[in-house]
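Notes to accompany the following structure.
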Amino acid sequence: MGRLGSTPSQTVGPYLSIGLPWEDGPFVVPEGTEGAVWIRGQVFDGEGAPVPDAMIETWQADPAGRFDHPDDPRGRGGSGFRGFGRCPTDERGEYGILTLLPGIVPSADGGDQARHIDVSVFARGMLSRVVTRIYFEGQDNSGDAVLASVPEERRTTLVAAKAENGYRFDVRLQGEGETVFFAV
Amino acid sequence: MATPTGLRLPRYRQDPEGTHPPMDFAGYRSTKLRHPAQPLVLLPQMLTEVTGPLLGPGRLGEHDNDLTRQHSGEPQGQRIIVTGRLLDGDGRPIRDSLVEIWQANAGGRYRHTGDRWPSPLDPNFDGLGRALTDGDGRYEFTTIKPGAYPWKNHDNAWRPAHIHFSVFGAAFTQRLVTQMYFPDDPLFGQDPIFNSIPDEKARRRMISRFDLERTEEQWALAFQFDIVVRGREQSVFEDEEDED
Ligand SMILES: [Fe+3]
């Protein structure tokens with residue numbers, strides 16, 4: 001097969017809220033689902049100002065650590081769990097995603113990964129998305145190879161703190177306390 | 001790719017240097033405070049990265065892919081049909097996949113409280129569309145050709161006419177948001193967003209092609225725009241199991 005060059009990334013621009021939000025976007029699980037937690041946070045720019053025209057997307061395993069996807073080699077988890085959340089930020093740069101804690105997912109080397117959620121951040125002024133991961137305070141994060149690969153003093157930027165009804169995960173795009181972003 | 005636990009995962013190739021824009025691009029002023037200053041950390045592709053949301057059926061309403069029929073009246077402007085395929089870098093179609101678009105109206109005005117430039121809103125145009133790719137990865141929209149619009153990035157700055165596109169692909173690694181442009185736009189030369197792509201060939205992949213065959217006589221012009229997301233590295237896995 002001949003190879004095709006990829007289409008380049010472009011910014012979502014200032015008007016992403018026309019096209020991208022869905023009414024049920026923030027609800028990976030419906031309100032009232034047992035065990036559901038809110039992950040809430042704010043997105044900040046390099047001067048610490050909130051970013052009101054950003055969007056957070058989340059992708060995660062179900063509570064059993066499975067993905068309802070044909071490329072999960074353990075077989076397609078049939079739980080019907082959407083695994084996906086999407087929320088634009090409001091004028092205070094705030095977003096919120098209602099979900100269940102992901103289960104433990106095996107890593108490529110046979111070990112376990114700590115409970116985590118993959119995150120994409122889009123915004124005006126960002127020509128491509130940036131990718132980060134949410135880990136959770138109070139979970140055993142010690143054996144996680146990805147977290148271990150991050151300079152120790154920056155690891156806390158990836159760990160959501162316990163908060164009312166769930167967790168808090170702020171995203172700092174630049175500068176002091178800059179969130180760790182990944183190349184995938 | 002076999003691992004000690006027997007997990008075999010596809011691997012998605014990196015795109016060649018210059019395919020995507022840098023995060024920090026002086027010409028586009030808003031990148032200044034919004035780009036990571038620290039180097040990115042390499043995230044090995046594991047289960048979470050090689051899977052992704054499979055969204056589609058159930059997310060579409062009746063006229064979601066016809067932006068000219070979402071109101072009782074017809075919008076102003078040049079009616080166009082936009083078609084294309086969603087493919088991976090090996091030419092494989094990505095099926096049953098959600099394609100989302102948003103755009104300005106014929107006068108270059110967005111239906112958004114933040115858009116205040118003095119060009120009128122069109123009561124019959126929202127500028128939002130959704131479609132699902134078919135078994136060949138094809139999508140199709142009927143819409144209005146968007147107008148160019150001014151912005152405040154630099155002196156007398158104008159965005160070339162464009163439609164914003166968002167696609168998921170089949171894996172988290174393939175998620176892409178881009179913009180489709182129109183052939184021979186005289187505004188390309190002064191647009192930092194278009195020109196943020198270092199590789200000229202890659203940049204030109206964002207320009208749609210006029211598609212005479214798909215025009216509809218006495219009705220609509222047509223443009224063709226294929227969207228390509230990262231391909232997979234060949235592996236034993238695919239030789240064995242790629243039967244479809
Ligand atoms: Fe735009």
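The figures here come from the full heavy-atom set of this structure, side chains too, leaving out hydrogens, waters and symmetry mates. Numbers restart at 1 for each chain; the letters A, B, ... are given by sequence-line order, proteins then strands.
- Across A:D118, A:D45, A:L173, the residue that shares the most heavy-atom pairs under 4.5 angstrom with chain B is A:D118.
- The part of A:V131 that comes within reach of chain B is its side chain, from C-beta onward, which places non-hydrogen atoms under 4.5 angstrom from that chain.
- Heavy atoms of A:L20 lying under 4.5 Å from chain B belong to its backbone as well as its side chain.
- Between B:D88 and B:R232, no side-chain nitrogen of the basic residue sits less than 4.0 Å from a carboxylate oxygen of the acidic one, so the salt-bridge criterion is not met.
- Evaluated for a ring pair (Phe, Tyr, Trp, His ring centres under 6.0 Å) with B:F165, the options B:W102, B:Y181, B:F225 yield exactly one hit, B:F225.
- Of the residues considered (B:H35, B:Q45, B:Q103), B:H35 shows the highest number of contacts with chain A, using heavy-atom pairs under 4.5 Å.
- Here the side chain of A:E178 pairs a donor or acceptor atom with the backbone of B:Q38 at under 3.5 angstrom.
- With respect to chain A, the highest number of heavy-atom pairs below 4.5 Å among B:D15, B:T178, B:T113 belongs to B:T178.
- Geometrically, A:R129 engages B:F172 in a cation-pi contact, judged by NZ or CZ lying under 6.0 Å from the ring centre and within 45° of the ring axis.
- Of the two parts of A:V12, the backbone and the side chain both hold a non-hydrogen atom closer than 4.5 Å to a non-hydrogen atom of chain B.
- Neither the backbone nor the side chain of B:I207 comes within contact range of chain A; no heavy atom of the residue lies under 4.5 Å from a heavy atom of that chain.
- A:R40 is not listed as a side-chain neighbour of A:Y95, based on a closest heavy-atom distance of 4.5 Å or more.
- Side-chain N or O atoms of B:N195 include one that pairs as donor or acceptor with a backbone N or O of B:F188 at under 3.5 Å.
- Contact annotation for A:R66: neither backbone nor side-chain heavy atoms come within less than 4.5 Å of a heavy atom of chain B.
- A heavy-atom distance below 4.5 Å is not found between the side chains of A:T58 and A:F84.
- Between chain B and the options A:F181, A:W59, A:F122, the largest number of non-hydrogen pairs under 4.5 Å is found for A:W59.
- Minimum heavy-atom separation, A:A114 to A:D144: N-OD1, 2.8 Å.
- With a 4.5 Å cut-off on non-hydrogen atoms, A:V119 touches chain B through its backbone but not through its side chain.
- Of the two parts of A:E47, the backbone and the side chain both hold a non-hydrogen atom closer than 4.5 Å to a non-hydrogen atom of chain B.
- Ranked by heavy-atom pairs under 4.5 Å with chain B, the first of A:I117, A:D53, A:V43 is A:D53.
- Between chain B and the residues A:T11, A:V180, A:V121, the most heavy-atom pairs under 4.5 angstrom are made by A:T11.
- Only the backbone of B:P39 has a heavy atom closer than 4.5 Å to any heavy atom of chain A.
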B:R92 vs B:D90, test: salt bridge (Lys or Arg N to Asp or Glu O under 4.0 Å). Steps then yes/no. CA-CA 6 Å; B:R92 261 185 290 247; B:D90 298 304; 3.3 Å; yes

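- Ring geometry for B:F141 versus B:Y139: interplanar angle of 30 to 60°, hence tilted.
- Annotation: cation-pi pair A:R86/A:W22 present, NZ/CZ under 6.0 Å from the ring centroid and within 45° of its normal.
- Only the side chain of A:F67 comes within less than 4.5 Å of a heavy atom in chain B; its backbone stays farther off.
- Heavy-atom distances place both the backbone and the side chain of B:V177 under 4.5 Å from chain A.
- Considering only heavy-atom pairs separated by less than 4.5 Å from chain A, the leading option among B:D226, B:I101, B:I193, B:V50 is B:I193.
- Chosen from B:P53, B:A171, B:S30, the residue pairing most often with chain A at heavy-atom distances under 4.5 Å is B:P53.
- Heavy atoms closer than 4.5 Å to chain A are found in the side chain of B:I197, but not in its backbone.
- Between the side chain of A:D72 and the backbone N or O of A:H69 there is no donor-acceptor pair closer than 3.5 Å.
- Ring geometry, B:Y110 versus B:H164: the interplanar angle falls from 30° to 60°, so the pair is classed tilted.
- Of all the listed residues (A:P102, A:G175, A:S6), the one sharing the greatest number of non-hydrogen pairs under 4.5 Å with chain B is A:S6.
- For the set A:R172, A:R82, A:R154, the entry with the most heavy-atom pairs within less than 4.5 Å of chain B is A:R154.
- With a 4.5 Å cut-off on side-chain heavy atoms, B:D185 and B:F194 do not count as touching.
- Within the 4.5 angstrom heavy-atom criterion, atoms from both the backbone and the side chain of B:T19 approach chain A.
- Neither the backbone nor the side chain of B:R29 comes within contact range of chain A; no heavy atoms are under 4.5 Å apart.
- Atom CZ of B:R204 is surrounded by 12 or fewer heavy atoms from other residues, nucleotides or ligands within 6.0 Å.
- For a residue to count as touching a neighbouring chain, one of its non-hydrogen atoms must lie under 4.5 Å from one of that chain's; by this rule B:D24 does not touch chain A.
- No donor-acceptor pair closer than 3.5 Å links the side chain of A:H116 to the backbone N or O of A:R133.
- Using a 4.5 Å cut-off between heavy atoms, B:P44 contacts chain A through its side chain alone, with no backbone atom that close.
- Your options are B:G52, B:S196, B:P22, and the one with the most heavy-atom pairs under 4.5 Å with chain A is B:G52.
- B:Q179 touches chain A through backbone and side chain together, each having a heavy atom under 4.5 Å away.
- Of the atoms belonging to B:L54, it is side-chain heavy atoms, and not backbone ones, that fall under 4.5 Å from chain A.
- Counting heavy-atom pairs closer than 4.5 Å to chain A, the top residue among B:H162, B:K32, B:R175 is B:R175.
- Separating the CG atom in A:L127 from the CZ atom in B:R34 is a distance of 12.0 Å, to the nearest 0.5 Å.
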